[in-house]
Structures are given as structure tokens and as C-alpha cells.
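In what follows, a single structure is set out as C-alpha cells and then discussed.
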Amino acid sequence: MSTNFVLVSKGQGVLIPPLMKRTHHCSQLRASDKGSIVTLSGWVDSVRDHGGILFVDLRDREGRTQIVLDPSNPGLESKFGSIKPESVISVSGRVDERFGGTANSKLATGEIEVHATELRILNVSKTPPFPMDDSADKVGEDLRMTYRYLDLRRAANTRMLRMRHKTSKAIRDFMDAQDFIEVETPILFKSTPEGAREFLVPSRMNPGAFYALPQSPQQYKQMLMVGGVERYYQLARCFRDEDLRADRQPEFTQLDIELSFIDREDMYELIEGLMRQVWKEVIGVDIETPFLRMSYFEAMNRFGVDKPDLRFEMELQDCNEIFAQSGFKVFSGAIESGGSVKAINAKGLGDITQGELRSLEDAAKSLGAKGLAFIKCQDGEWKSPIIKFFSEAEKAALKNALDIEDGDIVFFAATEWERACTILGRVRLEAAQLLVKRGTLTINPNEYKFLWVIEFPLMLFDEDAQRFVASHHPFTAPVPEDVDLLDSDPKAVRGQHYDLVLNGVELGGGSIRIHQPALQKKVFEDVLKIPADVVESRFGYMLKAFEYGAPPHGGIAFGLDRMVTILTQRSSIRDVIAFPKNQKGQEMMTSSPGIATEQQLRDLHVKSVLPKKDAQGPNKPAGD
RNA sequence: GGGGUAGUAGCUCAGUUGGUUAGAGCGCCUGCCUGUCACGCAGGAGGCCGCGGGUUCAAGUCCCGUCUAUCCCGCCA
């Protein structure tokens with residue numbers, strides 16, 4: 001066979017052997033295949049050298065098969081030196097059933113092995129910079145991302161990519177069956193300065209003008225409704241130039257949906273069907289529908305977040321009645337000035353350590369608490385820096401309201417209602433983590449508690465700007481009963497907005513939109529106080545479109561990355577993106593973003609002005 | 001922009017109160033081994049202790065600064 005090598009480069013003498021076409025993949029062969037002559041190709045997963053005979057686990061994306069390399073086979077032994085982990089090889093030989101208890105039950109192909117008669121070394125690998133097995137989950141992320149092609153080769157990540165694909169496919173199958181049309185919308189859009197910071201793309205042909213990458217296809221999908229598409233969806237790439245988190249990337253994928261002639265109930269039903277199909281197809285789980293629904297107020301009041309994790313209880317309690325007349329001025333004063341006293345009983349966390357208590361307090365402070373009042377209950381005795389201010393009646397009422405028992409610790413927040421809820425909502429989550437660590441609370445990762453959070457306030461008052469801002473976006477329709485309040489009490493207007501929440505994660509959200517030009521104009525100008533000329537330049541085309549017969553419509557968008565993160569039970573959306581960016585927005589493997597040449601900048605009519613500390617040039621991406 | 005955590009061999013980590021020549025497991029290299037499957041056995045190489053400054057007779061260890069990664073706050077309609 002070595003006479004078949006093709007000389008591709010005389011200068012370097014690189015020999016490329018003709019490809020041996022594989023007959024099977026590495027997870028396919030069983031005892032029933034014994035005697036067949038097969039060819040396998042893949043990567044060397046491990047080598048066990050017994051001095052004479054060599055065992056190689058050959059791996060491809062499907063699985064592993066043991067290859068036996070016997071030096072008595074002519075021509076084989078000379079190549080043994082090139083059989084190193086991650087080298088790429090092809091092997092032909094006979095499938096043998098493993099004999100006498102040498103079968104490996106841990107391997108799908110463990111009942112057979114392939115006795116090689118021919119071996120091609122297709123590419124010798126250098127030693128990888130990190131282990132290629134599951135232990136690499138602990139390897140620093142920056143190193144794994146720099147060598148992402150090696151990281152992706154690992155079985156866990158191959159599985160992840162496949163599950164992501166299955167998710168997209170289940171979505172497309174469902175949407176197609178429901179008569180949706182997938183439409184692509186522009187990536188080169190224009191700037192819409194409200195909302196998230198955008199990525200700008202200079203326009204060479206329009207000096208001084210810039211495209212912006214879309215934060216979402218929001219405006220285009222509404223125009224598709226005016227365009228008569230009726231049922232639109234898209235797996236859309238979206239871009240936001242904001243600081244990153246574990247669940248945020250500068251570019252991410254959104255399942256974007258918009259429909260005409262529907263109300264909120266239609267939307268709930270559609271999405272519940274979609275989720276049922278996705279969970280079934282991807283992880284084989286039957287989820288319960290219809291989903292629970294909860295108003296924004298209730299979610300905040302009981303759980304302290306607008307995306308509660310319902311897999312465990314530990315709810316917030318209202319203590320206004322108990323402390324309205326209290327001699328403890330921190331509490332009664334908060335109530336007097338219109339705020340709330342909220343409390344939460346972290347059952348069984350009475351053994352909290354000083355360090356844990358401090359980190360809880362820091363978390364509370366980061367949300368605007370002045371401190372974190374608590375009562376510990378041990379041996380029938382309440383220990384607390386504030387207990388001396390409580391009357392016996394207050395203590396009794398507390399004990400009753402919060403079911404305080406030995407081993408409990410109760411935390412308090414006394415300030416404006418929303419802030420008090422938020423603080424204890426955070427305490428609730430952190431306390432739950434501490435209880436999980438102690439083994440006294442179980443949060444089942446295989447439990448899926450879907451929840452619609454509804455009736456968000458349409459507007460929030462922005463203290464800095466001294467005006468109302470849309471809490472979702474300015475196209476959200478008010479609930480019909482509240483329309484009259486737009487003038488008198490904008491804060492009380494509820495929007496036809498809905499969020500889909502799963503296990504404490506906001507999977508997606510959307511709304512029924514305004515489709516009447518007069519109402520949309522009113523919201524822009526009278527409520528949000530956007531100057532008429534700005535409305536005209538930014539949204540003029542939309543108001544115009546609405547004058548030509550806009551159907552009633554509404555939509556929703558889901559973070560596909562977050563969805564796949566949950567389905568694969570990973571901890572960060574970076575884990576389910578093939579080539580994610582680090583916290584500085586850099587992609588470590590290719591070192592993007594990179595520096596533009598003078599010529600490029602000139603062509604784009606752009607000048608680079610660096611901050612002083614970077615005057616030597618932009619920060620070099622790490623890993624260089 | 002702010003706060004927390006981390007940075008010691010290719011990887012994961014240990015390193016006591018500041019005290020001799022900085023260790024382990026895995027990986028790598030060499031040798032031995034024909035039924036292993038995370039093969040085994042023997043030997044070996046491999047360190048700017050992130051970087052800069054300070055305290056000290058003496059710093060991986062203490063102090064200050066800085067860089068990098070990550071988590072959080074701000075921000076993300």
C-alpha cells in the first residue's frame with residue numbers, strides 16, 4: 001500500500017496517502033459483525049503499549065472502538081511511534097469478538113475489537129495542552145477556549161453541540177408544523193439609541209454614517225406583520241455591546257416569533273406546545289402544561305424576583321402589620337414612609353458561619369440594603385442584635401407568621417417595597433445555595449418548573465431622567481382596562497407583557513403590541529415624552545406603516561443559548577456556544593477583535609482615538 | 001466604572017508561624033512488558049511561585065500597585 005502514496009509537494013516531500021473510506025463509525029460494531037472486514041477512521045483516544053501488542057482506543061464523534069495492533073502483521077510496527085494521543089489514523093481489519101472475559105462492558109463496542117491489518121497515519125498530533133477526558137472540565141476556561149477545537153473534540157462537548165442542533169431542529173419542526181414562515185431580517189440595521197449599547201459598523205459608501213447590529217429583529221418583525229406574513233419566526237443572531245455575565249454574550253441567538261390576529265391566551269398555548277415538543281425531542285422529558293401564571297407583583301412579593309425558581313419554597317413574608325406600631329423605628333419608620341418590612345425564614349440555616357453571614361450581608365448591601373437584620377433561633381432562644389427592640393407581642397406574631405423553630409434564621413429588609421423584595425429575593429437564592437451545600441435542601445436539576453410571569457407595569461419612572469420609560473419596550477400594548485390610566489396614572493398601567501420563566505431563569509419574553517398609530521404616537525410623545533421630531537426620525541416609518549392596515553399582533557423571543565444551557569445542565573451559556581467570547585468580548589482562539597489597518601480606517605472614514613492608558617495600542621488579547 | 005475570588009511544572013492542585021535545594025497526581029521523555037481498556041513497572045526531564053515595587057538578615061508566604069481570568073453590582077428597553 002505504501003506505493004500508493006501521492007507526492008503532493010516535491011519541495012517538502014509531503015506524502016498524502018489516499019484516504020481509506022470508513023465503512024463504520026466508532027460506536028457501531030457489535031458481536032454480530034464478527035468476521036467482517038471494516039475500516040475505521042478517527043483520533044487516537046488512548047494507547048496501551050504491551051511491549052509487543054498495542055491496544056488503541058480509536059475515537060470519532062460517535063464513540064470509541066478498541067483496535068488491536070499486532071507487530072507480527074507486516075508493516076505495522078514501523079508506524080507505532082506515530083500513534084500518539086489525538087493523532088488521526090485510519091485502520092482496516094477484521095472484527096473479532098473479544099474472548100475469555102476481555103469484553104469491556106463500559107464501552108458500547110466493548111464486545112468486539114478490530115484486528116488491524118492496515119494502518120494509515122493521517123496526521124500526527126502534538127501533545128495536547130490539557131487532558132482530553134472529562135477531567136478537562138476543571139481546566140481553565142481561557143486555555144480551553146484558546147484551543148477550542150480540542151475542547152470541542154471531547155465527548156461532553158460533542159454531545160452538547162448535538163443537543164443544541166436537536167433543539168434548533170425541534171423548534172423548526174414545530175414552527176413549520178404550525179404554519180410559521182422563517183424570514184431572515186437584516187444584520188446591518190440602523191442605530192436605535194434607546195436600550196442596549198450597540199455595535200456600530202461604519203459605512204464606506206456613506207461617509208460618516210453607521211449601521212448598527214440589531215439588538216433583536218423587533219422592528220422588522222412587526223413590519224413583517226404589517227407585511228401580511230401573519231406567522232413569522234427566526235433563529236436570529238442578536239448583538240448587544242454591554243458588559244458580560246455567565247448568561248450573557250455580546251452575540252447570542254434568539255428564537256424570535258411574531259403572529260397576527262392573536263391574544264395572550266393564544267400565545268401561551270402556542271409556546272406551551274413548543275416547549276413540550278422541545279423538551280420531549282431533546283431530553284425525552286414530558287413537561288406539564290398549561291404552565292403556572294403569576295403576576296409581576298405576586299412574583300416580587302413572594303419570591304423577590306420577577307423570575308422565581310419554584311423548585312423550592314422559602315417564601316418572603318410581609319411583616320407590615322406586625323411592625324406598623326413597633327418601637328423599632330427602623331421598621332415602623334420604613335412602613336410609615338410607604339415602604340415595607342419583609343422577612344424570610346431560611347429554615348435550618350441557623351448554623352450559618354460568620355463568613356457566610358457576611359457574604360449574605362454583602363449581597364444585600366450591593367442591592368442597596370444598609371445592613372441585613374436577622375434573628376437566629378437556637379435552643380429555644382432567639383439571638384439577634386435587634387431582638388431587644390421587639391415587644392413580646394411582636395415576637396409571638398413573628399414566630400407564628402414565619403413558623404420560626406430551632407435551627408432557623410430569619411432575615412429582614414425594611415425599605416421601599418420593591419427594594420425590600422429584591423434584597424430578600426437575593427438572600428433567598430443565596431441561603432438556598434448554602435442549604436444545598438449542607439445537604440438539607442435539594443434542588444432537583446431534572447425538575448422543570450415553567451412559569452408565565454404576567455401583568456408587568458407598562459412604565460417605570462426613571463429617577464435620573466425624571467420621566468417614564470417603557471419597562472419592556474415602547475411597542476407593548478397596555479391591558480385594555482388600563483388604557484384610560486395612561487394619562488392619569490401611567491405607573492399603574494399594566495402591559496400585555498409576558499415572560500416565560502424556568503427554574504429561576506428568564507427563558508424569554510414578549511408582548512401583544514400596539515397596532516393603532518394614534519395609540520403608539522400617544523405612548524411615544526405624551527407618556528414617554530420623546531420629542532416629536534425624534535419620534536419622527538426614529539419611528540416615523542413604523543407609525544406610517546400602521547396607517548396602512550396593521551393587523552393586531554404580538555410576539556415573543558427566547559434566548560436559545562439559555563434554553564440549551566438548561567437542557568444540557570451546564571452552568572454558563574459559554575458552554576453551549578461553539579466559539580464563545582470571554583468577559584472582555586474577546587474570542588481567544590482567533591484573538592478577535594483585531595486591529596484595523598490605517599488603510600481600512602481611511603476607507604471607512606473612521607479615526608481611532610484611544611484612551612490614554614491604551615495609547616501604545618489596544619490591549620492585546622490574553623493568551624498571546 | 002465598582003466589589004469578591006483566583007493566579008505555584010504542560011494540566012489539576014498542596015506548600016505550616018516568613019527560614020536549607022518549592023512538592024504531589026496526571027501528562028511528557030527513556031527503558032521493560034503480548035490481553036490491556038484511566039494497563040502496569042523502573043528511571044528521567046520539566047518552575048521568572050502572573051508582573052512591578054516595598055518590608056525583612058531572609059518573601060511562594062507579609063504590604064502596596066498592576067495585569068489576567070472568573071463571579072457579582074452598575075449596565076443589559
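A residue-by-residue look at S471(A) and V68(A) shows that V68(A) has its nearest nucleotide of RNA chain B further toward the 5' end. Looking at which nucleotide of RNA chain B each of E141(A) and K106(A) is closest to, the 5′-most match is held by K106(A).
Side-chain N/O atoms of E113(A) and base N/O atoms of G35(B) include a donor-acceptor pair closer than 3.5 Å. Between the side chain of R426(A) and the base of C73(B), no donor-acceptor pair under 3.5 Å is found. For a distance-only test at 3.5 Å, the side chain of R98(A) qualifies as a donor-acceptor partner of the base of U36(B). Between the base of G4(B) and the side chain of D362(A) there is no donor-acceptor pair shorter than 3.5 Å.
One can place CG of L143(A) at 15 Å from C1' of C26(B), the figure rounded to the nearest angstrom. Rounded to whole Å, the distance from CD1 on I423(A) to P on C73(B) is 14 Å. We find that CD of E242(A) is positioned 14 Å from P of C73(B), with the value rounded to whole Å. C73(B) atom P lies 13 Å from atom CG of L244(A), rounded to whole Å. In this structure, the CG atom of N582(A) is 10 Å from the C1' atom of U68(B), given to the nearest Å.
Across U36(B), C73(B), C72(B), the shortest atom-to-atom separation from the side chain of A246(A) is found for C72(B). Candidate nucleotides C76(B), U12(B), G35(B) were compared by shortest atom distance to the side chain of V139(A), and U12(B) ranks first. Of the listed nucleotides (A38(B), G1(B), A69(B)), A69(B) has the atom at the smallest distance from the side chain of K584(A). Here A69(B) is the nucleotide among C76(B), G74(B), A69(B) with the atom lying nearest to any side-chain atom of Q586(A). Picking from C71(B), C76(B), C73(B) the nucleotide with the shortest atom distance to the side chain of R248(A) gives C76(B). Side-chain proximity of K138(A) to the nucleotides C11(B), C75(B), U12(B) is greatest for U12(B). Distance from the side chain of R240(A) is smallest to C76(B) among C73(B), C76(B), G35(B).
In the region residues 126-134 of chain A, proximity to RNA chain B at under 4.0 angstrom, judged on heavy atoms, holds for T127(A), P129(A), P131(A).
Ionic pairing of D499(A) and K307(A) is not present here: no N-O contact between side-chain nitrogen and carboxylate oxygen is shorter than 4.0 angstrom. Here K221(A) pairs with D256(A) in a salt bridge; the nearest charged N to carboxylate O distance falls below 4.0 Å. Contact check on R48(A) versus D57(A) returns a salt bridge, with a Lys/Arg side-chain nitrogen under 4.0 Å from an Asp/Glu carboxylate oxygen. Using a cut-off of 4.0 Å between Lys/Arg side-chain N and Asp/Glu carboxylate O, R426(A) and E430(A) are scored as salt-bridged. With respect to the salt-bridge test (charged N to carboxylate O, under 4.0 angstrom), the residues R237(A) and E251(A) qualify. With respect to the salt-bridge test (charged N to carboxylate O, under 4.0 angstrom), the residues R240(A) and E198(A) do not qualify. Under the 4.0 Å criterion applied to side-chain N and carboxylate O atoms, R148(A) and D151(A) are assigned as salt-bridge partners.
Heavy atoms of A364(A) sit nowhere under 4.0 angstrom from any nucleic acid atom.
For residues 47-76 of chain A, the ring-ring contact (aromatic ring centres under 6.0 Å, His included) pairs, not counting sequence neighbours, are H50(A)-F55(A).
Here S46(A) reaches the OP1 or OP2 of C39(B): one of its side-chain N or O atoms lies under 4.0 Å away.
In a base pair of the Watson-Crick type (N1 to N3 plus N6-O4 or O6-N4) or a G-U wobble (N1-O2 and O6-N3), with each distance short of 3.5 Å, A38(B) is matched with no nucleotide.
Under the 6.0 Å cut-off for aromatic ring centres, Y149(A) and F579(A) do not qualify, their centroids lying 6.0 Å or more apart. Taking the six-membered ring for Trp and the full ring otherwise, the centers of F189(A) and Y211(A) sit at least 6.0 Å from each other.
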With the criterion being N/O to N/O and under 3.5 Å, what pairs connect the protein with nucleotides 5-8 of chain B, and how long is each?
none

